[in-house]
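Here the structure is laid out as structure tokens; the discussion comes afterwards.
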Amino acid sequence: MNLKVITFRNLMRRKGKAAFVLAGLVIGVSTVVGIISFVEAMTNDINHKLEKYGANILIVPKTESLTLTYGGLSLGGVSFEMDEIREAELARVSSIKNARNIAALGPLVLGVVTFDTRKVLMAGVDFEASEILKPWWNIRGSLPDQNGVILGAEAARVLNLDYGGRVRIKDNDFIVSGVLQPTGSQDDQLVFARLGTVQSILDKSGRVSMAEVAALCKDCPIDEMVRQISEAIPGAKVMAIQQVVKGRMETLEQFKKFSYGISGVILLIGSLVVLVTMMGSVRERTDEIGIFRAIGFRKKHIMKIVFMEAAIVSGLAGIIGYFLGLGASTIAIKFFSENHSGYIPMTPELAFGALIIALTLGLASSAYPAFMASRLDPTEALRAL
Amino acid sequence: MSYIIADNLAKTYGNGHAAVKAVAGISFNINEGEFVGIMGESGAGKSTLLGMMGAMNAPTSGRLIVDEIDVYSLNQEKRADFRREFLGFIFQSFHLVPYLTVIENVMLPLAVVRAGKKKKWAMAEEALDQVGLLDKARRLPNQISGGEKERVAVARSIVNEPPVLLADEPTGNLDTKTTGEIMKLLRRLNDEGMTIIMVTHSSDCAGYAQRLLKVSDGKLVGDN
């Protein structure tokens with residue numbers, strides 16, 4: 001016979017009350033676990049989608065002149081004579097602190113070339129990086145080699161060319177290896193070739209006009225990455241495509257705050273359920289606790305009994321709440337995520353966290369009832385006999 | 001020197017005009033191994049006096065000395081230890097813990113004692129054997145009779161072999177035959193050397209005591 005036996009036997013006798021406390025804690029814990037795992041899954045899902053949006057940081061040369069284009073309209077005879085970034089400088093991007101968050105770096109060289117009598121904008125790109133930077137590209141044909149080009153849909157229409165055709169640019173013959181499906185962007189107007197090829201045509205060897213960066217921003221602050229790249233390339237202007245990244249991240253942050261607020265309220269309600277039930281239990285056991293005190297139990301022994309009961313129920317609630325929350329979020333994610341498989345992995349950290357939350361909540365809510373129980377005067381119990 | 005010294009014990013409940021003097025300065029000595037009965041009409045202050053003797057109800061004034069220990073100079077936790085080591089209690093309504101078996105109820109005072117499981121079981125079995133209930137050790141309190149419950153209460157009070165046993169109307173809820181059995185049991189424990197202080201209304205029960213303290217209006221009016 002020890003305090004554990006008393007605790008266990010009492011729990012077995014008062015199954016209804018124990019179940020009520022358990023339910024209060026399970027609801028609280030499962031809500032928190034559900035929300036955390038749901039938010040985590042949604043964050044991954046949004047990041048996954050963000051990657052599909054391609055580049056979210058632009059690196060362009062610093063310039064003192066203001067742009068004279070608006071909505072695709074060019075005013076004031078804007079030329080493409082602009083400063084450039086050296087490729088050697090661009091290489092420094094791979095050494096920034098958050099370099100691991102860079103999914104792709106795509107240098108781009110731009111220049112005007114003449115097709116017969118027409119002037120077109122030619123872009124030299126890294127086609128391997130473009131797969132990540134421009135995931136929406138759909139090429140009819142194939143990627144070009146050193147002697148090939150691909151045409152934007154509008155460029156192909158205006159130049160009256162299709163894949164398989166031949167073009168002559170600055171005394172060099174090129175094969176049109178593919179035509180881009182319409183993208184709705186400026187890419188439709190351009191002629192693309194490999195970076196080295198265009199640099200050679202434009203006589204811009206080792207220089208690029210701009211670069212696009214696809215940053216994986218699950219764990220990185222995009223502004224911080226912009227600052228790091230700016231420091232790495234002082235001669236360049238680095239811009240985040242804020243509306244894409246920030247907008248989604250802010251939405252997620254707001255959702256997180258709202259969810260955590262709701263979780264807090266539910267946890268508070270759960271702890272009140274525990275508090276009220278435990279207080280009721282202590283009141284019911286006044287005589288019993290009085291007898292315990294009369295036969296020599298110290299205050300700490302009484303508190304230990306109440307806390308052990310709370311710990312057993314809370315521990316159980318932590319385990320049940322974790323799995324219930326995980327199950328609920330797995331179901332919820334299927335409704336809220338278009339492409340998600342609905343699988344949320346079990347994480348030891350969250351399981352441990354659920355247990356700690358349940359135990360903290362259970363024990364904290366039982367502290368006052370335990371204190372009240374320990375203060376029961378044995379005389380009062382004796383008088384009641 | 002006497003084993004128990006009640007030195008001018010007094011207890012007043014409430015303050016001012018609402019003050020009620022339950023015990024008004026009672027003094028007596030009890031020697032080791034005595035069987036003392038406390039009698040008096042309802043409201044005479046018997047139970048208050050027993051509460052003070054049981055280290056549970058601090059007197060408003062006066063002292064209680066047991067085995068040269070000034071009981072109420074101890075703090076509450078030390079008094080709990082004192083109760084566990086020096087006193088056994090038998091309550092009027094048995095007050096067994098309903099979710100513990102008979103033997104677990106008997107072992108209750110040992111729950112906070114540092115001793116092995118086997119030793120605790122052996123002590124509880126011995127106490128149950130003394131009250132003749134060893135065969136009902138595994139039963140729950142609601143599976144035994146009133147007389148048996150009282151005997152379990154007696155076993156619980158003696159399991160840790162306290163030198164003093166306090167009993168508050170131990171036979172108040174029992175029939176005559178069972179009352180006789182319980183009183184014989186208490187007498188036997190006293191014969192074995194245990195000091196017993198028993199509050200009772202019954203003159204039959206009081207007949208088992210060697211000495212009778214009569215209380216009226218919170219005062220000691222007789223000591224035979």
Could you tell me whether [X] atom [atom1] has more than 12 heavy atoms of other residues or ligands within 6.0 Å of it?
X	atom1	value
A/Met372	CE	no
B/Asn8	CG	yes
B/Asn142	CG	yes
A/Lys299	NZ	yes
A/Tyr260	OH	yes
A/Arg13	CZ	yes
A/Lys304	NZ	no

remark   = residues 27-39 of chain A vs side-chain hydrogen bond (donor to acceptor under 3.5 Å, both in side chains), sequence neighbours excluded, gives A/Ser37-A/Ser329
Minimum heavy-atom distance A/Ala294-B/Phe91, with the two atoms named = CB-CZ, 3.9 Å
message = Can you give me the closest heavy-atom contact between B/Glu77 and A/Lys300, atom names plus distance?
response = OE2-N, 3.9 Å
key: Note: A/Arg9-B/Glu104 ion pair, threshold 4.0 Å (strictly below)   = yes
request  = Only counting residues at least two apart or in another chain, list the ones meeting ring pair (Phe, Tyr, Trp, His ring centres under 6.0 Å) with A/Phe20.
outcome  = none
key: Members of residues 107-117 of chain B whose heavy atoms come closer than 4.5 Å to chain A   = B/Met107, B/Leu108, B/Pro109, B/Leu110, B/Ala111, B/Val112
remark   = Against chain A, residues from residues 150-162 of chain B with at least one heavy atom under 4.5 Å, in numeric order, are B/Arg156
query = Between B/Arg84 and A/Ile295, does a side chain to side chain contact (heavy atoms under 4.5 Å, CB included) hold up when you go through it step by step?
reply = CA-CA 6 Å; B/Arg84 190 171 63 244; A/Ile295 63 176; over 6 Å; no
query = Under 4.5 Å between any side-chain heavy atoms of A/Phe292 and B/Val97, yes or no?
reply = yes
task = For a side chain to side chain contact (heavy atoms under 4.5 Å, CB included) with A/Arg293, tell me which candidate from B/Met56, B/Arg83, B/Arg79 qualifies.
result = B/Arg83
request  = Kindly indicate, with the supporting measurements, whether the criterion side chain to side chain contact (heavy atoms under 4.5 Å, CB included) is fulfilled by B/Tyr99 and A/Ile6.
outcome  = CA-CA 9 Å; B/Tyr99 52 86; A/Ile6 296 171; 3.7 Å; yes
query = If you round to the nearest 0.5 Å, how far is CD of A/Glu288 from CG of B/Leu100?
reply = 7.5 Å
query = Going from CZ on A/Arg298 to NZ on B/Lys78, what distance comes out if it is rounded to the nearest 0.5 angstrom?
reply = 5.5 Å
